[in-house]
Every structure is written in C-alpha cells, then in structure tokens.
There are 2 protein chains.
Amino acid sequence: MSAYVNVVNINGVGTVSAVQGENYHHGDLRRALIDAALAALAENGPGTLSLRGLARAAGVSATAVYRHFANKEDLLAAIATEGFEGLSASMQQRLEREPGAGRLRRLVILGEGYVDYAIAHPAHYRLMFGPRMLARGEYPALAAAAAHSYGMLEQAVSDAITAGELPAMPEPVLSTLFWSWVHGLAMLNNDGLLARSDLPGTNELSHDFGELLANALNQFRE
Amino acid sequence: MSAYVNVVNINGVGTVSAVQGENYHHGDLRRALIDAALAALAENGPGTLSLRGLARAAGVSATAVYRHFANKEDLLAAIATEGFEGLSASMQQRLEREPGAGRLRRLVILGEGYVDYAIAHPAHYRLMFGPRMLARGEYPALAAAAAHSYGMLEQAVSDAITAGELPAMPEPVLSTLFWSWVHGLAMLNNDGLLARSDLPGTNELSHDFGELLANALNQFRE
DNA sequence: ACCTGAACACCGTTCAAGT
DNA sequence: ACCTGAACACCGTTCAAGT
C-alpha cells in the first residue's frame with residue numbers, strides 16, 4: 001500500500017497543522033481517517049469498515065468524523081476516488097516503463113497496469129465497484145477520477161483503431177469489451193477463484209490474455 | 001424472480017406442514033426466510049439485508065432464524081447456492097432453445113444465458129460474488145453449485161477446442177478468459193456503468209461480444 | 001423440535017454542549 | 001472551527017426459558 005499512498009497523499013500532507021499530536025484539533029483528521037480506512041481495508045477485507053472503528057484508530061470520538069464527512073458513504077467515496085487515482089497512476093507507470101511501444105501494445109500494457117493495481121489492492125478495488133458506489137453521480141470527484149481511468153483505456157483503444165491495429169468497430173464497444181475483460185479478471189482473482197493449480201498466476205494470465213485478445217482482434221480486422 | 005424461484009423451490013415446498021400459517025411452528029421457516037431475502041434483494045439492493053428484518057418479514061422473532069441457519073453468512077451461502085442453480089438453469093434454457101447449434105455457437109449461447117441471468121438479478125448476482133462468499137470452502141453445496149455453472153462453460157470450451165473451433169490453448173486458460181469477460185460485463189452493467197448513450201443495451205453487447213470474441217479466437221487459431 | 005424474550009456488544013447518526 | 005458525550009434506533013448473536 002505504501003508506495004501508492006505516497007502518490008495520492010500529496011494534497012493532504014501539506015495541510016497538517018502545528019498542533020498535530022494533541023487530542024484537541026487533530027491537524028488533519030480527514031487524512032488520518034482515510035489512512036486508517038486504507039490500512040483496515042488492506043489488513044481485513046471490506047465490510048469490516050466502521051466509522052466508529054476508524055475514529056478509535058484515529059484517537060478521536062465517534063462523532064468527530066461528521067466534521068469531515070457527511071456520512072459513511074461520503075468517506076467511502078473519498079476512498080474510492082483515491083483508488084481510481086492509484087489505478088490511473090499504475091497504468092501510467094507501466095506505460096512509461098516501455099516508451100517505444102506501438103498502439104496495440106500500449107493498450108495491452110494499460111490492461112496489465114490495471115490488473116496489477118486491482119490485485120495488489122483487492123479490498124480497495126472491490127470498494128471502488130461496490131454497491132455503495134452506485135450513486136456515483138453524487139460525488140463529482142469520484143466520477144472525475146473514474147472517468148480519467150476509463151479515459152486512458154478509451155484513448156488507447158481509439159489510437160489503435162486509428163492506426164489500423166484494431167478492427168474498425170465503434171470505440172465505445174471495443175473499450176467496453178476490453179474493460180469488461182480486465183475488470184472481470186481482477187474481480188475473479190480477488191474472489192480467489194483463479195487460484196487453481198491448472199492456471200498460471202494472474203499476472204501472467206493478464207499478460208497472456210492481453211496478447212491473445214489484441215492479436216486475435218488484430219487478425220479479425222480484415 | 002418468480003419463474004426462477006419456482007425452479008429452485010422444489011426441495012423446500014414439499015416440506016410445508018399442516019400447521020403453516022399459525023404463529024407457532026411456522027411450517028417451513030427456512031424457505032420463508034430465503035424467499036424474504038430474495039424479495040428484499042430484488043427490491044432494494046444488497047447490503048440492506050438484515051436477519052432481524054427478514055425475521056420480521058416472516059412474522060417470527062429475531063432469534064428463530066438461528067434454528068435454521070448457523071449465522072448470517074450461512075443464510076447468504078444458501079441464497080448464493082440458489083443463485084448458481086438459477087445461473088445454470090438460465091444457461092441450459094438458452095442452449096435448449098437452439099438445439100442444432102455448433103460447438104462455438106453453443107459457447108456464445110452459454111455466455112448470453114449467463115449475462116441474461118446476471119443482469120436480471122443484479123443484487124442476487126452481486127451477493128454470489130460478494131466479499132462474504134470468499135470462504136466458499138466452508139459451504140459444500142455452494143461450492144458444488146458454483147462448480148456446476150463453471151463446468152458448463154468448461155465443457156463448451158473443451159468441446160470447441162476439440163472440434164477445432166477455438167485455438168489449441170489450454171482449456172482452463174480459455175475458460176478463464178471467457179468467464180472473466182462475461183463476469184466483467186455483468187458486473188459493470190449491474191454497477192450502472194454501461195448505461196451510456198454511445199453503447200447498445202447490455203443484452204445486445206453480450207451478443208455482439210460473444211460473436212466478436214468467438215470469431216476472433218477462431219481466426220487466431222492458425 | 002421449534003420458537004420467544006431479555007441481554008450484550010456493537011453499529012450509524014443526531015443533537016446539545018463544551019473550548 | 002473543531003471536538004465530546006449522551007441518546008436513539010438499529011444490528012448479529014447468545015442464553016435461558018417457554019410449549
């Protein structure tokens with residue numbers, strides 16, 4: 001978790017005040033609560049997240065939470081937002097590791113970065129797509145972060161179509177196909193359903209499937 | 001929900017006793033609790049399921065539940081088991097509607113039946129893959145029902161490979177690819193993320209994707 | 001064998017009050 | 001501006017008791 005938290009911490013860390021550490025006026029309770037939630041998600045699964053428990057972990061009364069979040073769903077939305085930021089960062093890092101990649105190869109790399117992140121943060125990833133997040137419209141920052149992640153996939157698909165490396169189908173349809181596949185693979189892995197002796201590891205599956213799908217689509221084009 | 005409930009109800013209905021309708025000795029409280037849960041899942045989403053609420057709906061005290069289920073997870077496992085039975089039934093029904101279909105076509109039909117069921121019962125389907133169901137090993141009936149659903153996909157993939165209508169890759173890898181795709185498509189749909197003006201309906205997407213993927217894989221084979 | 005009622009240790013959330 | 005404490009309406013679960 002640590003590396004990714006450092007990435008998304010940038011905005012919060014600067015606002016820590018001088019009185020941090022005292023009981024009264026916590027400094028950055030909002031950040032402390034989110035960090036406590038991320039730690040709890042990483043250690044136990046989701047579902048065990050309670051506002052009262054997070055308040056305890058932050059050394060603060062249960063009702064102090066409501067100074068920083070409207071309710072539990074509001075806190076979960078903030079966590080989900082950071083999740084999509086981490087997802088985008090994971091995809092971006094993978095792209096930059098292989099600068100000269102072709103259009104289609106870039107799409108495969110994005111998929112690997114996507115699955116990498118999802119299986120490295122299973123509880124966090126599940127929360128990002130959990131039932132509580134259905135009302136995404138009420139959380140503009142969450143909607144924007146999710147749209148950015150999806151936009152990266154869309155751009156790569158669009159580029160590959162333009163370059164003639166994918167069949168000339170509508171971009172939204174191909175993007176949805178690709179997204180369904182990485183999302184499904186990540187979810188099944190995080191449910192423990194891919195831990196079978198007759199399957200390679202999910203990281204390798206991700207790579208194999210990416211190559212397979214991309215090449216297959218490429219052949220299909222004519 | 002009704003049609004599918006009738007299918008899976010067979011075992012329960014026969015045990016309804018003569019005193020059904022009285023307060024004391026409910027008749028088949030176990031079945032009544034499951035049905036109340038299915039109704040609650042269909043009406044509200046998941047997450048709102050409470051044992052006490054189900055007991056209220058069945059007209060019984062909160063603690064009566066524990067005469068029929070060890071705990072909440074045990075009830076959820078029973079519901080998830082019926083879900084996989086419904087999933088298998090949905091796939092089977094689709095197959096029987098098109099008896100003369102070829103090997104590859106049968107696989108596509110299975111995928112359509114799978115997605116059909118998943119998007120017709122979103123809350124139920126989510127529960128089947130929810131975080132609570134990770135300990136599937138502790139519920140043999142659940143594990144068996146899930147294995148049967150997955151086995152239908154595996155059989156169709158295996159047959160298509162044998163018939164030379166899919167690339168000669170390991171069956172588990174191709175099955176996982178296919179499963180990831182239908183699962184991801186269903187989950188994204190049920191999260192409301194495919195309700196976009198630039199996309200066709202999910203039923204049509206399911207059909208398009210099946211044809212695309214099957215044909216693409218078929219081309220890739222040589 | 002099947003169900004009830006009281007009780008325990010939790011929740012999320014509200015509201016008045018403290019500094 | 002930020003936090004606390006008491007209170008309310010819920011949970012899941014246990015245990016002794018009722019028929």
Side-chain angles (χ1 to χ4, degrees), chain A residues 12 15-34 36-37 40-41 44-79 127 130-133 135 138-139, chain B residues 12 14-34 36-37 40-41 44-80 127 130-133 135 138-139:
Chain A
T15 65
V16 173
S17 85
V19 293
Q20 190 182 25
E22 299 175 22
N23 273 341
Y24 201 75
H25 285 229
H26 187 283
D28 195 350
L29 181 55
R30 181 187 158 89
R31 170 75 358 230
L33 288 169
I34 292 179
L41 281 174
N44 329 308
T48 41
L49 270 193
S50 86
L51 285 188
R52 291 176 102 112
L54 297 179
R56 270 194 301 271
V60 99
S61 81
T63 52
V65 178
Y66 292 85
R67 211 46 54 177
H68 301 276
F69 300 97
N71 49 35
K72 187 175 187 179
E73 193 174 357
D74 197 30
L75 203 179
L76 295 181
I79 294 169
L127 188 143
R132 287 259 169 64
M133 292 298 95
E138 298 170 27
Y139 301 97
Chain B
T15 68
V16 172
S17 84
V19 293
Q20 190 183 25
E22 300 176 21
N23 273 343
Y24 200 75
H25 286 228
H26 187 282
D28 196 349
L29 180 54
R30 182 188 158 90
R31 170 72 6 228
L33 288 168
I34 292 180
L41 281 175
N44 328 309
T48 40
L49 270 193
S50 85
L51 286 188
R52 291 176 102 112
L54 297 179
R56 270 194 301 270
V60 98
S61 82
T63 52
V65 178
Y66 291 87
R67 211 46 53 177
H68 301 275
F69 300 97
N71 50 34
K72 187 176 188 179
E73 193 173 357
D74 197 30
L75 203 179
L76 296 181
I79 294 168
L127 188 143
R132 287 260 169 64
M133 291 299 94
E138 298 170 27
Y139 301 98

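Sequence lines set the chain letters: A, B, ... in the order given, protein chains first and strands last, and positions in each chain run from 1. In what follows, every heavy atom counts, from backbone to side chain, and hydrogens, waters and symmetry copies are set aside.
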Are any of the side-chain heavy atoms of [X] and [Y] separated by less than 4.5 Å?
X	Y	result
B:Leu54	B:Val65	no
A:Leu29	A:Phe69	no
A:Leu75	A:Leu49	no

### Closest non-hydrogen atom pair between A:Ala57 and A:Ala36, with its separation
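Smallest interatomic distance, heavy atoms only, reads CB-CB, 4.1 Å.
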### Task
May I ask you to verify if any side-chain N or O of B:His68 is less than 4.0 angstrom from the OP1 or OP2 atom of C:dC3?
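Indeed, a polar side-chain atom of B:His68 lies that close.
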### Task
Not counting sequence neighbours, list each pair that qualifies as a side chain to side chain donor-acceptor pair (under 3.5 Å) and has a residue in residues 47-56 of chain B.
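Listed by first then second residue: nothing to list.
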## Note on the structure
Contacts satisfying side chain to side chain donor-acceptor pair (under 3.5 Å) that involve residues 59-68 of chain B (not counting sequence neighbours) are B:Ser61-B:Thr63
### Query
How many Å lie between CZ on A:Arg67 and P on C:dA17, as a whole number?
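Computing the A:Arg67:CZ to C:dA17:P distance gives 15 Å.
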### Query
Whole-Å distance between C:dC3 P and B:Phe69 CZ?
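One finds 12 Å between P of C:dC3 and CZ of B:Phe69, rounded.
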#### Entry: Partners meeting side chain to side chain contact (heavy atoms under 4.5 Å, CB included) with B:Asn71 (sequence neighbours left out)
B:Glu73, B:Asp74, B:Tyr139
## Note on the structure
Writing each nucleotide of DNA chain D 5' to 3' as (, ), [, ], | or . by Watson-Crick or G-U pairing under 3.5 Å yields ||.|||||...|||||.||
### Task
Look up atom CG in B:Leu41 and atom CD1 in B:Ile79, then write down how far apart they are to the nearest 0.5 Å.
6.0 Å
Which atom pairs link the protein and nucleotides 11-15 of chain D when you take only N or O atoms and keep those under 3.5 Å?
unit_1, atom_1, unit_2, atom_2, d
D:dC11, OP1, B:Ser50, OG, 3.4
D:dC11, OP1, B:Arg56, NH2, 2.9
D:dG12, OP1, B:Leu51, N, 2.8
D:dG12, OP1, B:Lys72, NZ, 3.2
D:dG12, OP2, B:Leu51, N, 3.0
D:dG12, OP2, B:Arg52, N, 3.0
D:dG12, N7, B:Arg52, NH1, 2.6
D:dG12, O6, B:Arg52, NH1, 2.7
D:dT13, OP2, B:Tyr66, OH, 3.0
D:dT13, OP2, B:Lys72, N, 2.9
D:dT13, O5', B:Tyr66, OH, 3.2
D:dT13, O4, B:Arg52, NH1, 3.4

